Amino acid sequence: AVSGDWRFISPAGRSSNEFEWLPDGSAMLVIEGEPQGAGQARSGGYFLAVRELSGKVRWEVEGGMDDRQPVAATGSPDSTEVAVLRDTFGDGERTAFIEIRDAGSGQVLRSTETWITRLTSGATPVAADIVWTPDGRLAVVSHRGAGFNVLLWFDAGSMAAEPLRPTEASEVWAIGNAMNPKVLVFALSQPGGGSTLTLHEPGGPARDIDVGLGGNLAVDFSPDGTRLVVAYDEGIETIDLRSGERHILRGAFTYGISWGANRRIASAWGSDVITFDEDGSGLQTEVSLSGGRTARHPAWSPDGSRVAFHIADAGGI
């Protein structure tokens with residue numbers, strides 16, 4: 001983020017579906033896919049790869065659509081462990097579970113019981129996410145019961161599940177970080193309505209935040225957890241979670257946003273990754289791609305010195 005130098009982390013033979021920094025910034029947790037017939041893995045393999053910043057794999061786990069596919073991962077607040085959410089997309093039912101692995105070796109340390117969703121008709125949502133909160137809990141977006149995604153809670157030490165808290169909307173993914181006990185869940189609204197963010201805090205009731213109409217919704221917490229930056233349609237604004245006050249920062253058609261510890265906001269805008277101060281000033285282009293490629297889903301490293309992002313082209317991400 002200082003020099004403008006950049007390099008690929010995932011190899012050309014794999015697609016990158018989702019990534020997250022370890023809280024200490026030493027490595028990245030990358031959910032990757034391998035097309036049929038490529039490499040040494042079986043056809044259509046999916047991986048959680050723990051990659052050093054050089055791109056070297058520290059360790060990885062593999063699964064397939066019908067065999068324990070890794071769909072999301074998160075690091076513990078002290079970066080010593082990694083929680084992996086795995087799912088099986090079988091005929092007639094889906095099974096999912098969480099396993100905790102040593103961040104250095106990849107050794108499985110403990111795991112949850114499996115939860116099963118029996119399919120009735122049609123496909124259940126594939127969207128899934130997992131957040132490790134500072135109070136030692138795992139917030140998980142996954143399927144349960146009728147197959148719709150809901151927010152589940154687990155104790156990261158005992159791996160015991162907390163009682164299910166039903167939601168009226170269909171949950172799709174969560175945002176959180178190791179320094180922030182809040183968990184923000186995106187909820188799908190009724191067709192034609194606006195989008196809703198549901199804020200969950202330990203010990204408190206859920207709170208809905210309306211963000212209006214618009215596509216390409218993206219959101220992140222401020223470093224201190226008191227504000228949100230929200231991008232939707234062609235605008236970027238901040239929302240104060242205490243007062244509800246809103247400030248429009250700038251116009252931008254964005255595919256992802258991230259608020260760094262350096263108090264700079266990064267946004268993917270077409271072929272560029274741009275950054276600006278939290279008041280909207282100081283606009284700077286960090287990366288400008290060529291050849292019809294677009295930037296997606298930027299994420300600052302925990303110390304704010306690097307920014308990672310997806311590159312999308314005609315062949316995928």
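All figures in this text were calculated on a predicted structure; none of them were measured in a lab. Counting begins at 1 with the first residue of the sequence.
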Donor-acceptor check, side chain of [X] to backbone of [Y], threshold 3.5 angstrom: yes or no?
| X | Y | answer |
| --- | --- | --- |
| R58 | A103 | yes |
| D277 | D279 | no |
| R110 | G157 | yes |
| D272 | I274 | no |

For residues [X] and [Y], report the shortest heavy-atom separation together with the two atoms involved.
| X | Y | result |
| --- | --- | --- |
| R51 | P11 | NH2-CD, 3.1 Å |
| G13 | E34 | O-CG, 4.0 Å |
| G280 | L249 | N-CD2, 4.0 Å |
| M28 | A308 | CE-CB, 3.5 Å |
| A299 | F19 | CB-CE1, 3.5 Å |
| I257 | A231 | CD1-CB, 4.1 Å |

- Output all residues satisfying side chain to side chain contact (heavy atoms under 4.5 Å, CB included) with T275, sequence neighbours left out; order by chain, then residue number.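 Here the qualifying residues are R264, A266, Q284, E286, W300.
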- Query: Does atom CD of E113 have more than 12 heavy-atom neighbours from other groups under 6.0 Å away?
  - Reply: no
- Please name all residues satisfying salt bridge (Lys or Arg N to Asp or Glu O under 4.0 Å) with R207, sequence neighbours left out, ordered by chain then number. none
Within-4.5 Å side-chain heavy-atom neighbours: [X] and [Y]:
| X | Y | answer |
| --- | --- | --- |
| D87 | Y46 | no |
| R250 | L283 | yes |
| L53 | W21 | yes |
| V71 | I31 | no |
| L138 | W153 | no |
| W132 | P77 | yes |
| P23 | S79 | yes |
| W115 | I98 | yes |

- Message: Nearest 0.5 angstrom please: L85 CG to E99 CD, how far?
- Response: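 Output value for this atom pair is 10.0 Å.
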- Message: Using the ring pair (Phe, Tyr, Trp, His ring centres under 6.0 Å) criterion, which residues pair with F276? Sequence neighbours excluded.
- Response: none
- Message: Consider side chain to side chain contact (heavy atoms under 4.5 Å, CB included). Of V229, I265, V230, L228, which one does D220 pass it with?
- Response: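 Among the candidates, only V229 passes.
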- Message: Hydrophobic clustering (ILVMFWY, side-chain heavy atoms < 4.5 Å, transitive) - are W59 and L22 grouped together?
- Response: yes
